[in-house]
Each structure stands twice: as structure tokens, then as C-alpha cells.
Q: 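Dropping the structure in here first, questions after.
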2 protein chains.
Amino acid sequence: MTETIEQKCISKGVKLTDQRRIIARVISDSKKKYGESDHPDVDELYNRVSQIDAKISIATVYRTVKLFEEAGILTKHDFKSGKARYELNDDHNHLIDIKTGEIIEFVDEEIEELQKKIADKYGYNLVDHKLELYGIKKK
Amino acid sequence: MTETIEQKCISKGVKLTDQRRIIARVISDSKKKYGESDHPDVDELYNRVSQIDAKISIATVYRTVKLFEEAGILTKHDFKSGKARYELNDDHNHLIDIKTGEIIEFVDEEIEELQKKIADKYGYNLVDHKLELYGIKKK
DNA sequence: TTATTTGCAAACGGTTTGCCGATTA
DNA sequence: TAATCGGCAAACCGTTTGCAAATAA
């Protein structure tokens, strides 16, 4: 397994508190408990965190995910739904079922390559990218 | 030139009012007046609309862009900036300069094809997609 | 000890909505 | 005329923030 969130915090100089450790654990456990394509929003994280320590406030959850995002630990997604959703920083794309909201993650080398090539063509170095496909399940 | 917004409204059964006509015109004129990569947010649209008719309220602008979006006339973008931005519905992608915020539009047949292929591979028909590249200008 | 963090509640900013008079088809 | 729309201001909702007490290093 790769570095834990706690290890990443230490190596990035992010101070650890009980609250942050709990939030980190909830995020790390998310995929195990809720399936591969779990992308909780802050409310949902707050619910899960509350079950471990009911005294943690939602403001702390907001502050923590922002902190983790800035430290490059989490990735924030907006999709088409109003609220921001978070997941561990990892380089993949999303295929979203517009009927059910189900999210499928995928990586495709060919697309990664093409993206770099396109940025290059316009005189840019690619530093980030976002690809979302919206689809309807075939019968 | 292709259909105007007004023509699209008529063919989609969207009732036309003075306010909507003005908003439509402002959007149509956007690229001409403000450059190829103009993606105004609602505030900015409201400013431009106000110069033509100061009595149009921002609520109407909100209602109208939403209406146009639902009619498939406009596309809403979120990028990384809090507020929603709009542009005429057209099938292209965005390359965003993370230093300056400049937006470059591009289309790439190869990427379009790949996207369809990927959706297909997971058993989906592609109905929409979003590709954003974030880059830094090369020296 | 000193800087940072947390919880609380209030503020914020973009967006939506209820009401009711005005306008469209 | 019937149905829809627009202006206003208030409500909404996700997110941020000021403050004072609590805590990490």
C-alpha cells in the first residue's frame, strides 16, 4: 500500500490533530466501506465522522478537506450537483451515469497521451486535467 | 451562420420576451465583442444586459440562462472559480491557463472518438462529456 | 509557551423562489 | 383570455470566518 494520509500530512508539514486523524481515517476507509466509486460530499463525510466523534463540527470538516486538498492529498470534484465531492488524489477519470448518478472510474493511457500532446500543441505544459463522461447504460 | 438563439427558442417552444431577446443578443454578441474565449458569468451578463435595459433584474438573467441551458442552447461551465459561466452550446473543450485564467477552446476528433469508445467499453452511450486541461505556458 | 486549531454561530455569495402585477401567444 | 413571465425582496444552501477556548509541537 502507498502512504497513508497521516504520513502525507507529516511529510507536508501539516499538523495532525485528533479531528484530522479521524477525518483522514474516514476518507481512507471510504472506498473499503462504501465501494470503489465513493465520492462523498462534505455533509456525507460529516455524517460518517460524527459516528466516530459526534463533537467534531462541520466547519472542521470543511477546513480539513480544504487543507488536504491544498496539500495535494485530496481531489475536489464538482460534477453536476451543486456540492463538492472529495476523494483521495489519484489520476483517473469519471464516467457518470446520468440516470442513476453511479460513478465509474477509469484510466486510459491513450487519452492521457493525447491530452499532453494537445496542451503541447498550444504551447502549454499540462499540469492538471479533468475528463468527465456522462452516459446512459445500454440495454 | 447557424440558427440564432431566437430561432432556437422558437423551434423549441420557448416563449420570447423582450428580456429574453436582449439576453440572447448579449450572449450572441459576446464572442464578437469580447473575444473568442468569452465565458461570462451571470454577474457579467447582467452588467452587459443592464447597459441595454437597466430595468432587467438579475433574477431574470438567472432564470433565462437556466431556461436556455435546459433548452440545449447554452452550456454551463464550472471550471475552478465558484460561479457558473455560460457560452453558446458548441462542442469543444477548454484549455485553461492556470496563471492568467485565459481560456483556449479546442476540438480534437481523435479525443472525441476515444471518449465514445471508452463509454462503449463500459456499456454506455455517451450523451455528454467535459474535458478541461489546465496548463502553464511554455517559455 | 506560542502558534495553530476547533466549535460555535453568524456572515457570505451565488442562486432560487413566492408573490403579484405585466406581458406573450 | 389563459398561461406564462418578470421585478422585487426574502429565502436558500453550501461554504467561510471571527472569536475565545482548547490543543499540538
Side-chain angles (χ1 to χ4, degrees), chain A residues 5-26 39-71 73-86 101, chain B residues 5-27 39-71 73-86:
Chain A
I5 295 182
E6 289 198 29
Q7 287 168 332
K8 285 183 188 167
C9 283
I10 293 164
S11 66
K12 311 222 179 196
V14 170
K15 201 175 279 187
L16 277 165
T17 63
D18 289 349
Q19 292 88 334
R20 290 180 185 173
R21 262 185 277 264
I22 290 172
I23 294 167
R25 203 175 99 214
V26 164
H39 297 78
D41 58 38
V42 171
D43 256 345
E44 179 59 25
L45 283 176
Y46 176 61
N47 289 339
R48 297 180 191 173
V49 161
S50 296
Q51 291 173 14
I52 299 174
D53 180 349
K55 283 186 301 308
I56 294 176
S57 77
I58 198 165
T60 297
V61 180
Y62 271 105
R63 284 192 271 233
T64 303
V65 290
K66 188 179 216 178
L67 185 77
F68 286 175
E69 197 206 350
E70 284 162 357
I73 295 171
L74 289 185
T75 300
K76 179 181 182 180
H77 297 288
D78 289 300
F79 301 149
K80 297 181 173 175
S81 73
K83 11 185 157 172
R85 293 159 166 278
Y86 292 85
Chain B
I5 295 181
E6 289 198 31
Q7 288 168 332
K8 286 183 188 166
C9 284
I10 292 163
S11 66
K12 311 222 179 196
V14 169
K15 200 175 282 187
L16 277 165
T17 64
D18 289 348
Q19 293 89 334
R20 291 181 184 174
R21 261 185 278 264
I22 290 173
I23 295 168
R25 204 175 97 214
V26 163
I27 292 166
H39 298 77
D41 57 38
V42 171
D43 255 345
E44 178 61 24
L45 283 177
Y46 175 60
N47 289 339
R48 296 180 192 173
V49 161
S50 295
Q51 290 173 15
I52 299 175
D53 180 349
K55 284 187 299 308
I56 293 176
S57 77
I58 197 164
T60 298
V61 180
Y62 272 106
R63 282 193 271 233
T64 303
V65 291
K66 188 177 216 178
L67 184 77
F68 285 176
E69 197 206 350
E70 283 162 357
I73 295 170
L74 289 186
T75 301
K76 179 180 181 180
H77 297 286
D78 289 299
F79 300 150
K80 296 181 174 175
S81 73
K83 12 186 156 172
R85 295 159 164 278
Y86 292 86

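All values reported here derive from a predicted model rather than from experimental measurement. Only this structure's heavy atoms are used, side chains among them; waters, hydrogens and symmetry mates stay out. Each chain gets a letter, A, B and so on, in the order its sequence line appears, and its residues count up from 1.
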Q: Starting from P on C/dT4, measure out to CZ on A/R20 and report it in whole angstrom.
A: 11 Å

Q: Could you check A/D43 against A/I58 for side chain to side chain contact (heavy atoms under 4.5 Å, CB included), going step by step and ending with a plain yes or no?
A: CA-CA 8 Å; A/D43 256 345; A/I58 198 165; 3.4 Å; yes

Q: 5'-most contact on DNA chain C: B/V42 or B/V14, nearest heavy atom basis?
A: B/V42

Q: Does C/dT16 have its OP1 or OP2 closer than 4.0 Å to a side-chain nitrogen or oxygen of B/Y62?
A: no

Q: Specify the separation, in whole Å, of atom CG of A/L67 and atom P of C/dT4.
A: 13 Å

Q: Whole angstrom is fine here: how far is it from CZ in A/R21 over to C1' in C/dT5?
A: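 Taking atom C1' of C/dT5 as the reference, CZ of A/R21 is at 13 Å.
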
Q: For DNA chain D, which nucleotides open and close the run of contacts to chain A, 5' to 3', at under 4.0 angstrom from a non-hydrogen atom?
A: D/dG14 to D/dA25

Q: Just checking B/D18: base, sugar-phosphate only, or nothing, at a heavy-atom cut-off of under 4.0 Å?
A: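 Sugar-phosphate contact only - B/D18 comes under 4.0 Å of backbone atoms but never of a base.
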
Q: Within the distance-only criterion (no hydrogens, no angle test), does the side chain of B/K12 pair as donor or acceptor with the backbone N or O of B/A71 below 3.5 angstrom?
A: yes

Q: Classify A/I58 by what it touches in the nucleic acid, base, sugar-phosphate, or nothing, heavy-atom distance under 4.0 Å.
A: nothing

Q: In terms of the nearest nucleotide of DNA chain C, which residue is placed more toward the 5' end: B/K15 or B/Y86?
A: B/Y86

Q: How many whole angstroms separate atom NZ of A/K83 from atom C1' of C/dT15?
A: 15 Å

Q: What are the two closest non-hydrogen atoms of A/Y46 and A/S57, and how far apart are they?
A: CE1-C, 3.7 Å

Q: Can you tell which of C/dT5, C/dT16, C/dA9 lies closest to the side chain of A/A59?
A: C/dA9

Q: So A/R63, base contact, sugar-phosphate only, or nothing? Heavy-atom distance under 4.0 Å.
A: base

Q: Between B/R48 and B/E44, does any NZ, NE, NH1 or NH2 come within less than 4.0 Å of an OD or OE carboxylate oxygen?
A: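 Yes, B/E44 and B/R48 are salt-bridged.
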
